[in-house]
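This is a predicted model, so every value here is computed, not measured. Naming: A, B, ... by sequence-line order, numbering from 1 per chain.
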Amino acid sequence: MSNEAVYGIMFYLVSAVVLLSAVAAVTLRNLIHAALFLAISFVSVAGIYVLLHADFLAAVQVLIYGGAIPVLIAFGVMLTRTPGAAGSNPVNTKTYIWGLGITGALFAVIMLSLLKSKFAMQGLISKEPSIEGLARLMLGDFLIPFEFAAILLLAAMIGAIILARGGEAK
Amino acid sequence: MTIGLEHYLAVGAMLFCIGLYGVLTKRNAVAVLMGIELMLNSVNINLVAFNRFVAPADFVGQLFAVFVIVVAAAEVAVGLALVISIYRLRDSIHVDDLNLLKW
């Protein structure tokens with residue numbers, strides 16, 4: 001098999017895992033199972049990053065979306081108990097029909113505009129490793145946003161602690 | 001069978017629509033947050049795909065994806081803290097029970 005055929009098979013395989021586990025994550029009735037499929041979907045997105053030559057992002061994806069965020073969501077599920085796990089993820093019957101309609105319409109619009117668009121493609125691949133390129137950008141042109149991201153994370157951490165701790169004990 | 005930019009954008013669009021479906025049709029607030037995370041992931045796929053096929057000499061697209069991941073992590077932490085706080089006050093995290101501001 002040629003390299004291109006292997007690449008194509010890998011692409012379709014990884015995309016199928018991403019999309020099917022995402023569908024399971026939004027349709028399963030049991031919220032714990034839904035969170036598990038969400039984690040599978042996140043980890044396989046890292047495979048898409050590998051196919052796109054973004055090695056650093058693939059590692060970050062596995063670390064954050066494979067580790068930290070599923071744990072946070074599991075905490076959220078367990079701290080907010082609903083009676084019985086089986087029906088813990090009900091469908092909102094009031095918004096179901098137009099939710100489906102809006103989603104389908106948006107998908108049709110995106111696919112139509114995708115078919116009509118022409119992009120200025122460049123075939124070459126950068127020889128530079130992506131970590132070096134990212135570091136050069138992060139500590140160069142994007143230094144201020146980089147520092148602001150640190151402040152945002154600190155503010156979010158303090159805010160989450162204060163919100164989850166609750167008000168003063170009476 | 002050459003996999004190009006359009007294939008990745010189509011995957012991103014599908015993932016975004018699945019996430020949007022989850023946000024619009026779930027009653028549990030944690031499930032709504034999960035849908036938002038799926039949507040943010042699809043945006044990252046789009047950014048990295050554009051980086052790879054349209055501007056491969058630079059890494060700005062990947063850097064934007066890193067910033068999106070940072071904001072998504074902050075969002076999910078604050079969002080879950082809000083959900084826990086609401087659960088403590090109202091004993092419910094079904095989004096259509098949260099109608100305090102409705103006249």
Side-chain heavy-atom pair [X], [Y] within 4.5 angstrom cut-off:
X: A/Q61; Y: B/I69; answer: yes
X: B/Y8; Y: B/R52; answer: no
X: B/V66; Y: A/M138; answer: yes
X: B/N46; Y: B/F16; answer: no

Among [options], which residue has the highest count of heavy-atom pairs closer than 4.5 Å to chain B?
options: A/A68, A/P145, A/A35; answer: A/P145
options: A/D141, A/L51, A/L137, A/I161; answer: A/L137
options: A/G76, A/A54, A/S15, A/G159; answer: A/A54
options: A/G99, A/G104, A/S130; answer: A/S130

What part of [X] is in contact with chain B, defined as an atom under 4.5 angstrom from a non-hydrogen atom: side chain, backbone, both or neither?
X: A/F11; value: side chain
X: A/F148; value: neither
X: A/L72; value: both
X: A/I97; value: neither
X: A/V60; value: side chain
X: A/F75; value: neither
X: A/S41; value: side chain
X: A/F107; value: both
X: A/L79; value: both
X: A/I110; value: side chain
X: A/L38; value: side chain

Could you check whether A/F56 and A/Y49 have their ring centres less than 6.0 Å apart? no
Largest heavy-atom contact set with chain A, pairs under 4.5 Å, which of [options]:
options: B/L89, B/V95, B/I86, B/I84; value: B/I84
options: B/V60, B/V76, B/V48; value: B/V48
options: B/L9, B/V83, B/L24, B/T25; value: B/T25
options: B/S92, B/A81, B/G61; value: B/A81
options: B/A29, B/C17, B/A10; value: B/C17
options: B/V23, B/L20, B/D91; value: B/L20

Worked verdict on A/I73 versus A/I69 for side chain to side chain contact (heavy atoms under 4.5 Å, CB included): CA-CA 6 Å; A/I73 288 178; A/I69 287 181; 4.0 Å; yes
Relative to chain A, which segment of B/V30 carries a heavy atom at a distance below 4.5 Å: side chain, backbone, both, or neither? side chain
Let me know if B/E75 has heavy atoms under 4.5 Å from chain A in its side chain, its backbone, both or neither. neither
Would you compute the distance between atom [atom1] of [X] and atom [atom2] of [Y] and round it to the nearest 0.5 angstrom?
X: B/S85; Y: A/I162; atom1: OG; atom2: CD1; result: 11.5 Å
X: B/N44; Y: B/N51; atom1: CG; atom2: CG; result: 11.5 Å
X: B/F59; Y: A/R136; atom1: CZ; atom2: CZ; result: 7.5 Å

Any donor-acceptor N/O pair, B/R27 side chain to B/I93 backbone, under 3.5 Å: no
Under 6.0 Å from the CZ atom of B/F67, do we count more than 12 heavy atoms belonging to anything else shown? yes
Could you see if A/V14 belongs to whatever hydrophobic cluster contains B/V43? Use Ile, Leu, Val, Met, Phe, Trp, Tyr and a side-chain cutoff under 4.5 Å. yes
Dump the intermediate steps for side chain to side chain contact (heavy atoms under 4.5 Å, CB included) on B/H7 and A/Y12, then the final yes or no. CA-CA 9 Å; B/H7 292 76; A/Y12 284 112; 3.4 Å; yes
Just say parallel, tilted or perpendicular for the rings of A/F42 and A/Y65, cut-offs at 30° and 60°. perpendicular
